Every structure is written in C-alpha cells, then in structure tokens.
Enquirer: 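One structure coming up, written as structure tokens, with questions to follow.
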Amino acid sequence: MSLVAVEPGTSLGEVVSIHVAPARRIPTRSVPEVVAEAGAGLVGDRYHGSRHRHVTIQSALDLEAAGAALGSVVEPGATRRNLTVSGGPVPGKPGTRVRVGEVLLEVVRPAAPPPRAACSTT
C-alpha cells in the first residue's frame, strides 16, 4: 500500500489496513483502497463531509503493544480508525502534515481513545 511520510526524510512506514464505517455504531469494514476528497474526508466513511475527523490514523506498533498489555490481539478495525500504518509514533501535534500516497493530511487534534469495547479481552 502507500508509503506514509511525516516530514521529508521521515516515514511512518506503509498503510497496512484501511477501514471505513458508513454510520455510527455500524462495524467498520476493511477496504483495499479508498477515495479521499479534499476538505471532506474518505468517501464511504461516516465522517465524510463532516467538519471534523476526516481521517484517523493509528500505528500497528501501538496496536501490538496494546494487545500485549491486554493479553489479546487488538484488530485494526476494532478501534474504528481509518488507516493503520506499519510504523510510528503517529504525530499528534496540530499543524503537522502527513503524506499518505498522493494525499496530504494535516493533524488538527489527537483522536480520542478508542471505545473501551474495542480493547476488551472478553
């Protein structure tokens, strides 16, 4: 998949999974690719066209660490984030720009923690 760069010469690795959900409380679905519209977000995602949360990113390394701490695998789609990258850490400083393939994203704010159920071991 696409390479992810934060600043010239730095990298978050590659996109390893893409997830979208058409509405709240509907499970995310994994897709092989997605269309990003400037100022609107990912086509097919619940936040497409909203004024915030156009794209959310998480690190596979963070998911692995959470899984180790919980004693259970945390699947990328369970956290309801759109993109999972192979490297990390994912930048959280507002104004930081992240390039994903041909798309340039800008950090507006760090995402809220995933729902507690996403990290449950039961």
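One is the number of the first residue; the rest follow in order along the sequence. A quick note: this is a predicted structure, and the numbers were derived from the prediction, not measured.
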Enquirer: Val85, Val31: one ILVMFWY side-chain cluster at the under-4.5 Å cut-off?
Expert: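 Per the 4.5 Å side-chain linkage, Val85 and Val31 are co-clustered.
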
Enquirer: Suppose the criterion is ring pair (Phe, Tyr, Trp, His ring centres under 6.0 Å): which pairs have a residue in residues 77-109, not counting sequence neighbours?
Expert: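 Residue pairs with at least one partner in residues 77-109: there are none.
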
Enquirer: To the nearest 0.5 Å, tell me how far Arg81 CZ sits from Asp62 CG.
Expert: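 Rounded to the nearest 0.5 Å, the CZ-CG separation comes to 11.0 Å.
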
Enquirer: Could you list who else is in Val43's hydrophobic cluster, with ILVMFWY side chains joined at under 4.5 Å, directly or through other members?
Expert: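 Noted: Val43 shares its cluster with Val35.
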
Enquirer: Partners of Glu106 by salt bridge (charged side-chain N to carboxylate O under 4.0 Å, His left out), sequence neighbours excluded?
Expert: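 Partners of Glu106 under the salt bridge (charged side-chain N to carboxylate O under 4.0 Å, His left out) test: Arg97.
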
Enquirer: What distance separates Ser17 OG from Gln58 CD, expressed to the nearest 0.5 Å?
Expert: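 Reported value, rounded in 0.5 Å steps: 6.5 Å.
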
Enquirer: Going by the side-chain hydrogen bond (donor to acceptor under 3.5 Å, both in side chains) test, which pairs reach into residues 36-51, not counting sequence neighbours?
Expert: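 Qualifying pairs: Glu37-His48, Asp45-Asn82, Tyr47-Arg53.
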
Enquirer: Let me check something: any side-chain donor-acceptor pairs from residues 18-27 under 3.5 Å, sequence neighbours excluded? List them with distances.
Expert:
none

Enquirer: My understanding is that only residues two or more places apart in sequence, or in another chain, count here; which of them pass side chain to side chain contact (heavy atoms under 4.5 Å, CB included) with Val103?
Expert: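 Side chain to side chain contact (heavy atoms under 4.5 Å, CB included) list for Val103, sorted by chain: Ala36, Leu105.
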
Enquirer: Using side-chain heavy atoms (C-beta onward) and a distance below 4.5 Å, is Pro76 in contact with Thr28?
Expert: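 They are not in contact (no side-chain heavy atoms under 4.5 Å apart), so the answer is no.
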
Enquirer: Taking all non-hydrogen atoms of both residues, which atom of Pro91 and which atom of Thr96 are closest, and how far apart?
Expert: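 Shortest heavy-atom separation between Pro91 and Thr96 comes out as CB-CG2, 3.7 Å.
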
Enquirer: Of all heavy-atom pairs between Pro89 and Leu12, which one has the smallest distance, and what is that distance?
Expert: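 Answer, listing the atom of Pro89 first, then Leu12: O-CD2, 3.2 Å.
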
Enquirer: Any side-chain to backbone donor/acceptor pair from Ser86 onto Glu14? Under 3.5 Å, distance only.
Expert: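 Checked: pair present.
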
